[in-house]
**Q** 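Provided herewith is a single structure, encoded as structure tokens, for subsequent inquiry.
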Amino acid sequence: MNISKAFRGRAATAVSLTAVLALGATACGDDGSSSGTEGSGKGEITFWDNNGGPRTAVWTEIIKDFEKKNPDIKVKYVPIPIADVQSKYDTAIAGGGLPDVGGVGTAFLAGMVSQEALEPVNDRLEKSSLKGKLVDNMVESVRAAAGRGDDVYAVPTSANNGALWYRTDLFKAAGLDAPSTWPKFYEAADKLTDAKNNKFGYTIRGGAGSIAQALDAIYGQTGITDFWDGDTTTLNDPKNVEALEKYAALFKKTTPAADVNNDFTKMVAQWDTGTIGMLSHNLGSYQDHLKALGEGKFAGIPAPIGEGGTRVQVSNPVDGLGLFRTSKNKTAAWKFIEFAASHESNSKWNESAGAIPANTEAAKDPWISEAEPTELAAKALTDGSTKIVDLPYYLPDWNNISKADNEPDFQKLLLGKITAKAFLDKVAGELNAAQKEWKELGNG
């Protein structure tokens, strides 16, 4: 594992998943002004789960295993809903209460690093049992996303990938092929819709997280593979505008009207009722679908292939664990991170989540091939057939621009109150300004 490569700017910021499977304070804390201490390596540490609820059960099991192996350390588990995690961290950084360890994804890593909340872990990794056992591309991703040169501010635990989930039974009954291309996707969305009987071909994400899904759809259709053309984003390229117009036009025509407010939880729950043909979501919802629909009624495939014969998708964030600078017991906190990223724990977590392990030993475990959607996603990302559009996670403003700041406007787009061009022009303008500011600060 090489964690001392020179910073290469935006090209390495998002995870390069094309090689992934070659194998993401004290208990009371303070405001980030303290450098903390190594501590005794015993006592209580606080851990914030950045996807509390869906991942609570597996983390509870991992914590139980850790405490059995380390009886002198107790882990206080705090589940944070994924929609609240960034604001929760920002509030704690400003006013106190940071944990010792927390789940940190590359999508908001740069903002936390810029606030000096996290401890670099380069030296700890070099001296730990994890040395040489983490996927290089994931390590490189978290390093580059932080924007601090060689410093690594999180230990990667997993990478996810988008999937197009579809009802195999409904497709068979309608005489449809799998939605493996964008033309087949649109054909199925139309043919499977019977709005009068509350049956729809697709469910579109209109609430929190909507923009990331839309980006996947527009770049996937156009085949544009670079997010930047020089220092100007390709987001509002005329081809992307046309693709977004077509995608947004699905709303209320082949999707439920309630989609305008649906985040991933509501969208997944709605699809699992069994009356909708297709759903775009990551591999993490596999277990939900299996429980709700049962085997043989659904399948998950990688993003559809464009008309040019190439599959293009945007990069997915790498998830990881961060050591907080304010911790008064960094020794114990690091032990927990090292244990959570080890072979057995990392495999257990990723199998539960349906994600791709960061631990290279865990990535070889049998469950990878037993979970067909994960296996298909891994194959698509390693056989050279998929082109990745690297999103600029390194920009401190990225998370706000791509989420809360513009999600209300995406809803206006779905409702026909603004045009696709106006929407993309606004977001592109903000991204260009953020890129310029980032470079003026000596980055890139």
Side-chain angles (χ1 to χ4, degrees), residues 10-11 13-18 161-164 166 178-190 201-202 204-206 209-251 253-255 278-282 301-317 377 380-381 383-393 395 398 401-402 406-407 409-410 413-414 416 418-432 435:
R10 66 171 180 269
T13 61
V15 62
S16 175
L17 286 178
T18 54
N161 193 53
L164 179 59
Y166 71 101
S180 56
T181 67
W182 283 103
K184 289 180 179 179
F185 164 82
Y186 281 108
E187 178 190 6
D190 183 63
Y202 185 60
I204 197 170
R205 190 166 180 170
S210 58
I211 294 176
Q213 180 174 304
L215 292 181
D216 227 5
I218 64 176
Y219 279 99
Q221 291 177 79
T222 64
I224 295 172
T225 57
D226 294 310
F227 193 79
W228 298 103
D229 181 6
D231 289 324
T232 303
T233 180
T234 60
L235 182 61
N236 58 340
D237 183 283
K239 292 181 180 179
N240 280 345
V241 172
E242 183 180 353
L244 182 57
E245 288 173 344
K246 188 173 184 180
Y247 179 72
L250 293 172
F251 176 65
K253 179 183 177 184
T254 62
T255 79
M278 295 179 291
L279 161 75
S280 296
H281 191 248
N282 60 47
I301 60 176
I305 296 171
E307 294 186 44
T310 301
R311 177 182 289 110
V312 176
Q313 65 179 66
V314 300
S315 54
N316 282 267
L381 294 171
D383 65 5
S385 66
T386 302
K387 303 295 183 182
I388 304 295
V389 179
D390 288 332
L391 300 179
Y393 299 124
L395 291 176
W398 166 253
I401 292 172
S402 64
N406 287 296
E407 286 172 346
D409 283 338
F410 186 78
L413 169 63
L414 294 181
I418 61 173
T419 66
K421 185 177 187 305
F423 173 77
L424 290 179
D425 281 347
K426 177 179 182 292
V427 179
E430 294 174 5
L431 287 167
N432 291 338
Q435 173 78 350

**Q** Please walk me through it: do Lys426 and Ile418 pass side chain to side chain contact (heavy atoms under 4.5 Å, CB included)?
**A** CA-CA 11 Å; Lys426 177 179 182 292; Ile418 61 173; over 6 Å; no
**Q** I need the Tyr186 OH to Leu250 CG distance, nearest 0.5 Å.
**A** 5.5 Å
**Q** Mind listing the closest non-hydrogen atom pair of Asp226 and Tyr219 along with its distance?
**A** O-CE2, 4.2 Å
**Q** Taking all atoms of both residues into account, what is the closest heavy-atom pair of Leu164 and Ser280, and its distance?
**A** CD1-OG, 3.7 Å
**Q** Kindly give the heavy-atom pair with the smallest separation between Thr222 and Lys239, and that separation in Å.
**A** CG2-O, 3.2 Å
**Q** With rounding to the nearest 0.5 Å, note down the distance linking CG in Asp390 to OG in Ser315.
**A** 5.0 Å
**Q** Between Asn432 and Thr233, what is the shortest heavy-atom contact and its length?
**A** OD1-N, 2.9 Å
**Q** Going by the angle between their ring planes, with limits at 30° and 60°, are Trp398 and Phe227 parallel, tilted or perpendicular?
**A** perpendicular
**Q** Who passes side-chain hydrogen bond (donor to acceptor under 3.5 Å, both in side chains) against Asp216, sequence neighbours left out?
**A** none
**Q** Quick check, are the ring centers of Phe185 and Tyr202 under 6.0 angstrom apart?
**A** yes
**Q** Do Leu235 and Ile218 come close enough that some side-chain heavy atom pair is under 4.5 Å?
**A** yes
**Q** Rounded at 0.5 Å granularity, tell me how far CD1 in Ile204 sits from CG in Leu414.
**A** 5.5 Å
**Q** When you measure from the side chain of Gln213 to the backbone of His281, do you find a donor-acceptor pair of N or O atoms at a distance under 3.5 Å?
**A** no
**Q** With rounding to the nearest 0.5 angstrom, report the CG to CD1 distance, Leu413 to Ile211.
**A** 10.0 Å
**Q** Is the backbone of Gly306 close enough, under 3.5 Å, to the side chain of Trp182 for a donor and an acceptor to pair up by distance?
**A** no
**Q** Is there a donor-acceptor pair under 3.5 Å between the side chain of Thr234 and the backbone N or O of Asp229?
**A** no
**Q** Please list, chain by chain and in numerical order, all residues satisfying side-chain contact (heavy atoms from CB on, under 4.5 Å) with Ser180, sequence neighbours excluded.
**A** Lys184
**Q** Can you tell me how far the CD atom of Glu242 sits from the CG atom of Asp237, to the nearest 0.5 Å?
**A** 10.5 Å
**Q** With sequence neighbours excluded, what pairs up with Tyr247 under the ring pair (Phe, Tyr, Trp, His ring centres under 6.0 Å) test?
**A** none
**Q** Which heavy-atom pair separates Ile301 from Pro179 by the least distance, and what is that distance?
**A** CD1-O, 3.6 Å
**Q** Which pair of heavy atoms, one from Phe410 and one from Arg205, lies closest together, and at what distance?
**A** CE2-O, 3.5 Å
**Q** Inspect the surroundings of CD in Glu407 and state if more than 12 heavy atoms from other residues, nucleotides or ligands are less than 6.0 Å away.
**A** yes
**Q** Looking only at atom types and distance, does a side-chain atom of Gln221 sit under 3.5 Å from a main-chain N or O of Ala217, one as donor and one as acceptor?
**A** yes
**Q** Distance from Thr181 atom OG1 to Arg311 atom CZ, nearest 0.5 Å?
**A** 10.5 Å
**Q** Begin with the C-alpha distance, continue with both residues' side-chain angles, and end with the deciding distance and a verdict on side chain to side chain contact (heavy atoms under 4.5 Å, CB included) for Gln313 and Val389.
**A** CA-CA 6 Å; Gln313 65 179 66; Val389 179; over 6 Å; no
**Q** Using modelled atom types and a 3.5 Å cut-off, is there a donor and acceptor pairing between side-chain atoms of Thr419 and backbone atoms of Ala422?
**A** yes
**Q** Decide yes or no for Val427 and Ile401: does some side-chain heavy atom of the first lie under 4.5 Å from some side-chain heavy atom of the second?
**A** yes
